[in-house]
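As structure tokens, the structure follows; a few thoughts come after it.
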Amino acid sequence: MTEMNDLRALPSVDQLLQSGQVAEWIDSYGRSLTLDALRESLAAARAGVQSGRPAPGYDDLLHNAHHLLQTWMTPTLRPVINATGVVLHTNLGRAPLSRAALAAIQQTASGYNTLEYDLTRGTRGSRSMHAEALLTRLTGAQAALVVNNNAAAVLLALSALAKRRRVIISRTQLVEIGGGFRVPDVMAQSGARLVEVGTTNRVHLADYEAALAEPAAMLLHAHSSNFRIIGFTAEPALAEVAALAHRQGVPFVDDLGSGALLDTARYGLSHEPTVQESLAAGSDLVCFSGDKLLGGPQAGILTGRSDLIAKIKKHPLARAVRADKLCLAALSATLAHYLKDEAEREIPVWRFLAQTPEQLERRASAWAAALGRGEVLEGKSTVGGGSLPEETLPTRLFALNVRQPNAALARLRQADPPVIAYIENDRVLLDPRTVLPEQEDDLLRALRGLPGD
Ligand SMILES: *Cc1c(COP(=O)(O)O)cnc(C)c1O
């Protein structure tokens, strides 16, 4: 009988609604969401009573309802502090945008705009023109098209140019990029017929030549982004393969992946082929991401011959994978930095890569001084994002010895904003390279919250 009594002791939703606190929640969260939370809190209490637990009091019921409201309304997509030293961290959103790119997004999104409007004629315009002029000026390509991401760019190029026809690719390049992007699968999806040449470690011009004896729609080159074959290897130069394709009248398409526009060798990394170089070597089409080494928003960019781009634009899939206005605004602003020769100063990805060990040492030391604990160690940052595998940049790390490093890492993830650090040799490590200077106060506050050694 106590169970019946306990159930009767629970207040009604109407009684809970009398609380002054609940009136405040209705102001902040709206009436229907607040009601949902109250009902859910009561339902949980009833279920608890039926399984033998005592009925919660009025205040507990309210507390639980409030907790539900907060849980439901805390965004799951939140800013974090990236202290991993991985500059293009795909899980942490890849490239942070420049101030100009952010301003362009704000301006474009807060009102109407010329997304598809021709101001001169007062008629419908084309969204594809916005970044095209900047891209062709920068890369020397005849034409360009921006789509949702590079996976879409490659799929679209194959679908529009090679459906049911042969596409020749070397076995050295049948890669899986991660996140489900596998070159053979993308080809199958597009309806193109995969023709593999060479072996896993070696491919020769003669292999391509033999495959080109039969008609083909495309010769595809895919940048092996995230892995490297070492040892007994061979791969003809891009220009040689492109020239061979051209002799047979077959378009040469390069999936470049990262799409660097600056020379990574300037920062002590090995040289990542640039878009300009690929086009100069004879690529008819080059596909790359907007948010890898380009340092812009998520996008897939196709640059190259205008007849090929025109054909791609007309394919029905182009509409399904088109870029949105925010992407085009941010991308245009990012590209402008390259044209104005200010990319290294204005684009966060290049600014992060350009930091010297001395600058990083000063930052890590300042953290140690501010906290009165921790030490500065030599370490390595990585580029990430499938760019330059195995390549590292010398950095300085802020290192903390704590009794329970995993617990400390979890606690840093609970901070607001969350801090993402890592563990090596039982030490908690933070790399200043990928921490924005304006985040340092938040970072130090999170570190102060950690228990002592
Ligand atoms: C990263 C990458 C892709 C996929 O690009 P997204 O912009 O992530 O869709 C495709 N090809 C190569 C070679 C890549 O490195």
Side-chain angles (χ1 to χ4, degrees), residues 86-97 131 135 144-159 162 167 169-190 192 194 218-229 235 238 241 252-261 264 269-275 277-279 281 283 285-304 312 317-318 320-324 326-328 330-331 334-335 349 382-391:
V86 182
V87 176
L88 295 168
H89 200 305
T90 297
N91 302 149
L92 302 183
R94 289 198 184 150
L97 297 178
L135 280 164
L145 176 66
V146 183
V147 295
N148 182 59
N149 58 16
N150 190 34
V154 176
L155 177 65
L156 178 60
L158 286 164
S159 306
V167 172
I169 184 167
S170 165
R171 290 192 172 92
T172 57
Q173 297 158 23
L174 289 175
V175 297
E176 172 175 330
I177 306 300
F181 184 93
R182 294 169 145 197
V183 172
D185 296 350
V186 174
M187 257 205 231
Q189 188 62 42
S190 72
L194 171 67
M218 181 188 297
L219 205 161
L220 179 64
H221 182 272
H223 186 12
S224 59
S225 297
N226 49 5
F227 80 109
R228 186 160 293 160
I229 304 176
E235 188 116 35
L238 204 73
V241 187
F252 181 82
V253 177
D254 189 9
D255 173 13
L256 201 52
S258 204
L261 294 170
T264 46
L269 294 162
S270 64
H271 178 72
E272 176 80 6
T274 65
V275 179
E277 284 164 358
S278 177
L279 288 163
S283 295
L285 208 56
V286 181
C287 310
F288 53 100
S289 294
D291 55 356
K292 291 184 179 172
L293 281 172
L294 186 80
Q298 178 187 307
I301 298 162
L302 299 119
T303 54
I312 288 169
L317 200 54
V321 298
R322 72 184 184 185
D324 79 298
L326 305 186
C327 162
L328 293 169
L331 183 64
T334 307
L335 294 170
V349 165
T382 54
V383 179
S387 314
L388 300 163
E390 307 282 302
E391 289 275 327

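Since the structure is predicted, the reported quantities are computational estimates derived from the model, not experimental observations. One-based numbering, in listed order, for ligands and for the atoms of each. The basis for the numbers below is simple: all heavy atoms, side chains too, and nothing from hydrogens, waters or symmetry mates.
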For Val275, does its backbone N or O pair with a side-chain atom of Ser278 as donor and acceptor, under 3.5 Å?
no
Would you say [X] has any N or O atom under 3.5 Å from an N or O of ligand 1, going by distance alone?
X: Ser258; result: no
X: Asp291; result: no
X: Gly257; result: no
X: Arg94; result: yes

Can you tell me if CZ on Arg171 sees more than 12 non-hydrogen neighbours from other groups inside 6.0 Å?
yes
For Asp254, the salt bridge (charged side-chain N to carboxylate O under 4.0 Å, His left out) test, sequence neighbours excluded, returns none
Atoms in ligand 1 flagged as close to [X], the criterion being non-hydrogen separation under 4.0 Å:
X: Ala151; answer: 4 (C), 5 (O), 6 (P), 9 (O)
X: Ser289; answer: 5 (O), 6 (P), 7 (O)
X: His223; answer: 13 (C)

Taking only non-hydrogen atoms of Gln298, do any sit less than 4.0 angstrom from ligand 1?
no
At a 4.0 Å cut-off, with the gap strictly under it, does some heavy atom of Asp255 reach an atom of ligand 1?
yes
Residue list, side chain to side chain donor-acceptor pair (under 3.5 Å) with Gln189, at least two apart or on another chain:
none
Can you give me the closest heavy-atom contact between Gly259 and Phe288, atom names plus distance?
CA-CB, 3.5 Å
For Pro297 versus Cys327, what's the shortest heavy-atom pair and its separation?
CG-O, 3.5 Å
Quick one: do the Thr172 and Glu235 side chains pair a donor with an acceptor below 3.5 Å?
yes
Heavy-atom nearest neighbour of atom 3 (C) of ligand 1 within options Ile301, Leu88, Asn148, Asn150
Asn150
